[in-house]
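Everything on this sheet refers to the single structure shown next.
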Amino acid sequence: GEGAHLEFKRRASSPDQIVKEMIAFANTSGGILLVGVNDDGELPGVKYPQEESLVIKKAVVKFSRPHIIFNETIIKLSEHKFVIQYEIPVSRRRPHVFRVTNKKSETYIRLRDMSMKASREMSEIVKRGKDGKNVQFTYGEQESALMKFLTTREKITLPEFQILSGLKYEDAAEKLITLVLANVLRIIPTEKGDYYSRV
């Protein structure tokens, strides 16, 4: 079934959605997208794989920035039934964005079996986390208050930390991003917003 590294699509009828899935895999930890497979794993296949492939390739060029790198394999199931496999490795050029308009773009990440829009903070973690450098930070008053808070509570949101620390929104966000990159905190993205917890 579908999961953190596997996505099924029946056809390329919504190529923009396929590009979002590919971006999410490239930004997170890679994965495989299969076209011609139902959500339940049934294999109806596609009849004209070259046409489906062309639609997807055009969509990748149109919507992804920088363009996603992928390997495409056409798998023949029978005379008129094919599955197209897209293998998307985790990208060194991340974060990749989905271009909505010339001025607006969105970042996507993979969480369990779904691809979701990333917050500004999650996008920054994806961008800065690819370097793999050791992150250093000063353990001050706000960090101490945060750790104390997380001994009694399981998680905290950015607005909650902003109130707790008395910092401006941008400064509170930067502290949380730094603590995630330093492997002190874990970011938990959800559709309702991000949570932060101790590692």
Side-chain angles (χ1 to χ4, degrees), residues 1-100 104-133 180-181 183 186-191 194:
E2 293 179 314
H5 303 282
L6 186 62
E7 176 70 24
F8 301 149
K9 291 290 178 197
R10 171 65 188 90
R11 297 193 63 220
S13 51
S14 300
D16 56 331
Q17 292 302 317
I18 288 176
V19 175
K20 287 176 185 178
E21 304 285 359
M22 294 170 108
I23 286 171
F25 282 137
N27 283 339
T28 314
S29 53
I32 290 173
L33 187 142
L34 299 173
V35 177
V37 183
N38 286 338
D39 285 344
D40 61 5
E42 185 190 347
L43 293 166
V46 292
K47 195 171 182 181
Y48 304 106
Q50 280 78 16
E51 287 179 20
E52 304 268 341
S53 168
L54 185 62
V55 166
I56 292 167
K57 285 174 182 168
K58 282 184 177 177
V60 166
V61 171
K62 181 180 178 182
F63 294 115
S64 70
R65 295 290 181 277
H67 298 320
I68 302 158
I69 305 294
F70 58 86
N71 292 319
E72 179 191 76
T73 308
I74 295 175
I75 302 160
K76 186 175 181 178
L77 303 177
S78 67
E79 199 58 42
H80 302 290
K81 199 166 150 182
F82 302 84
V83 166
I84 313 170
Q85 175 181 289
Y86 291 95
E87 192 176 342
I88 305 104
V90 62
S91 176
R92 290 182 186 169
R93 299 170 71 201
R94 64 189 187 271
H96 292 267
V97 297
F98 180 86
R99 198 176 88 177
V100 180
K104 187 185 174 192
S105 59
E106 300 167 341
T107 305
Y108 286 82
I109 55 162
R110 189 76 179 174
L111 183 67
R112 293 183 293 277
D113 63 347
M114 57 183 190
S115 298
M116 59 189 295
K117 194 170 11 171
S119 64
R120 190 190 69 78
E121 293 73 35
M122 187 71 219
S123 299
E124 192 62 26
I125 289 164
V126 168
K127 182 180 176 181
R128 285 158 53 182
K130 68 183 175 190
D131 299 332
K133 293 176 184 170
V180 170
L181 292 169
N183 207 30
R186 173 186 299 120
I187 186 169
I188 305 146
T190 73
E191 288 176 322
D194 298 336

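Please read these numbers as outputs of a predicted model, since none were measured by experiment.
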| task | Check the pair Glu7, Ser115 against side chain to side chain donor-acceptor pair (under 3.5 Å), reporting the backbone distance first and the verdict last. | result | CA-CA 9 Å; Glu7 176 70 24; Ser115 298; 5.3 Å; no
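- The structure places OG1 of Thr190 at 8.5 Å from CG of Leu111, a figure rounded to the nearest 0.5 Å.
- Looking at Glu21 and Arg110, a side-chain N of the basic residue comes within less than 4.0 Å of a carboxylate O on the acidic one, giving a salt bridge.
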| query | Stepwise, does the side chain to side chain contact (heavy atoms under 4.5 Å, CB included) test hold for Ile32 with His5? | reply | CA-CA 6 Å; Ile32 290 173; His5 303 282; over 6 Å; no
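- Asp40 places a side-chain N or O within 3.5 Å of a backbone atom of Glu42 that can act as its donor or acceptor partner.
- Side chains of Val60 and Phe70 form a contact here, defined as non-hydrogen atoms less than 4.5 Å apart.
- Listed by chain and number, the residues in a ring pair (Phe, Tyr, Trp, His ring centres under 6.0 Å) with Tyr108 amount to none (sequence neighbours excluded).
- Listed here is the closest heavy atom pair of Ser64 and Ile23: CB-CD1, 4.1 Å.
- Between the side chain of Ser53 and the backbone N or O of Pro49, no donor-acceptor pair lies under 3.5 Å.
- Using a 4.5 Å heavy-atom cutoff, the side chains of Val61 and Lys57 are not in contact.
- Legend: residues meeting ring pair (Phe, Tyr, Trp, His ring centres under 6.0 Å) with Phe98, ordered by chain and number and at least two apart, are Phe63.
- Counting all heavy atoms, side chain and backbone alike, Arg10 lies closest to Val46 at O-CG1, 3.8 Å.
- Between the side chain of Asn27 and the main chain of His96, a donor-acceptor pair closer than 3.5 Å is present.
- Not one N or O on the side chain of Lys20 forms a donor-acceptor pair closer than 3.5 Å with the backbone of Glu106.
- When the salt bridge (charged side-chain N to carboxylate O under 4.0 Å, His left out) test is applied to Arg11, the partners found at least two apart in sequence or on another chain are Glu52.
- Minimum interatomic distance between Arg94 and Ser91 (heavy atoms only, all atoms of both residues): NH1-O, 2.6 Å.
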